[in-house]
Amino acid sequence: MTIRVRFAPAPSGSIHVGNARTALFNWLYARHNGGVMVLRVEDTDRSRVSEESFRAVLDDLRWLGLNWDEGPEVGGPYAPYRQSERLDIYRAVVDRLLLAGLAYPCFCTPEELEERRKAAMAAGRRPGYDGRCYRLTDVERTKFEAEGRPYVIRFHVPEEGSTTFRDLVTGHVTVDHAQIDDFVLVRKDGFPLYNLAAPVDDGMMHMTHVIRGLDLQPSTPRQILLHYALGNEIPEYGHLPLILGADGQPLSKRHGEVSIGWYREHGFLPEALVNYLALLGWSPRDGSVILPLSQIVAQFQIEDVGASPARFDLEKLTWMNGEYIRSLPDDELLRRLEPFLVRVGLVSDPPSAAERSLMAAVVPLVKTRIERLDQAAALVAGIFREVPVDPAAAEKVLGEEYVPELLERSAAALEGLEAWDRDGIEAALRGVQTEMGLKPRKAFVPFYVAVLGSNVGAPIFDSMALIGREKVLDRLRQVREKFFPGPGAAGGT
Ligand code: GLU
């Protein structure tokens, strides 16, 4: 049997971290078992879905590297894979269910439902739908239809018995039918609801396994009942544990950023994010944390997914991202960094040859100093262009008494250098440091501020070598004129 799984997002913009984890686990299950990954877009709710949010889902999945074997843009034997293009199919299924007496129109108005709900509660009964319209006589039904009353279509849940399934993650689940209301399949406006469209498609698309978030587990007995009604094979189900924020509440916007788009924009590598997401509920038997995707695919077993909630820890993810950055070959890191430098205008789009070689030179300087790609620009900005001196850094660092003399002597030493290279620059500045009897920090931090504009940056000797002698001396001159005006440079501030 070929394993067939699906990711079935209802598109509403960039994918939520939890849904990305669902996509990933389905994908891993398919890839580990040589199965088929289907992307089915559940876009029947016209009020929420736009072409843009549909695109965002596809883009995010591609960025994460989670390809699909059947679905939008790639097609497949059960196309179309967008539910908005399958409305006729759902209509035909509902007609069949109506004819077989397994579904029925319900004319109850929201006011009537609310009134009966309150009455049931007051009488200590369960407040669910009471099946009134299931018991309408043919005469009554025909009369309501003739009056043009609006109606929904409900599925009739058998009164007796219970539905049981073995959840691959949480174990056996049994729900008494007395606890399941006759649920709505089709809305008043004729649009199909999730509990109709999902099982219809899971059946028609021959899904063998349905892997999704635990929040959807309550729907599963309903969907199984529908599968029985339609004569489908029942897929196996696995519900993935909830993802919680640091405070133990389900992960949401309150905990910070939860969309894949945010991680992409902020310089997370897809391979780091995927590695991190894989560990939300699953752990490899060998206990590794940093694990390339090929290894995850090789080791992924659904039995190793735990039922207890997973905790989303941005710090750990950021740390992992730094590890992944450090493991990239320099030319690959250059390729990844480029859009982040273009974005803030440090290089042109596309970069010129000169900019490209400068970028290549800064890659080794930032590699060990960033955890996210978007942190690089600030460290190297002063190498690409003159950055105005940060006033706070100037006050803190340049305000000290020894600084004018340090800058003056150093400028003279740099001017006299024979060759302008990193080692020569270091030797010159260390010479001044020794003469003045300064600690390295005191001797070098002022150059970060004066040359790079800020007291943090890529290593200073390398930076100065890349900037070039003329520009470095010019920046030192400007700083001396601006912060230490007057005859000589020894006037202090
Ligand atoms: N479309 C549903 C959602 O995004 C998921 C459907 C499913 O996996 O059954 O929540």
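We number each residue from 1, following the sequence as shown. If you're wondering where the values come from, they're calculated on a predicted model, not measured in any experiment. Both ligands and their constituent atoms are indexed starting at 1 by order of listing.
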*Indicate whether the side chain of Thr163 and that of His177 have a donor and an acceptor atom separated by less than 3.5 Å.*
yes
*Would Ala10 count as a contact of ligand 1 if the rule is a heavy atom under 4.0 Å away?*
yes
*Return a yes/no value for Asn19: is any of its N or O atoms, backbone included, closer than 3.5 angstrom to an N or O of ligand 1?*
no
*Under 3.5 Å, side chain of Asp202 to main-chain N/O of Met207, donor-acceptor pair present?*
no
*For ligand 1, find out whether one of its N or O atoms is nearer than 3.5 Å to an N or O atom of Ala8.*
yes
*asked:* With heavy-atom distances below 4.0 Å as the criterion, list the atoms of ligand 1 near Arg6.
replied: 7 (C), 8 (O), 9 (O)
*Could you tell me whether Glu42 and Arg6 make a salt bridge, using a distance below 4.0 angstrom between a side-chain N and a carboxylate O?*
no
*Going by atom types only, do Tyr324 and Asn275 share a side-chain donor-acceptor pair under 3.5 Å?*
yes
*Compare Glu42, Arg40, Arg212, Met207 and give the one whose heavy atom is closest to atom 6 (C) of ligand 1.*
Glu42
*asked:* Quick test: of every protein heavy atom, which one is nearest to atom 10 (O) of ligand 1, and how far off is it to 0.1 Å?
replied: Leu216 CD1, 4.0 Å
*Would you find a donor on one side and an acceptor on the other, under 3.5 Å apart, between the side chain of His32 and the backbone of Ala298?*
yes
*asked:* How long is the straight-line distance from SG of Cys133 back to CD of Glu112, given to the nearest 0.5 Å?
replied: 8.0 Å
*Can you sort out which atoms of ligand 1 are near Tyr194, meaning under 4.0 Å from one of its heavy atoms?*
6 (C), 7 (C), 9 (O)
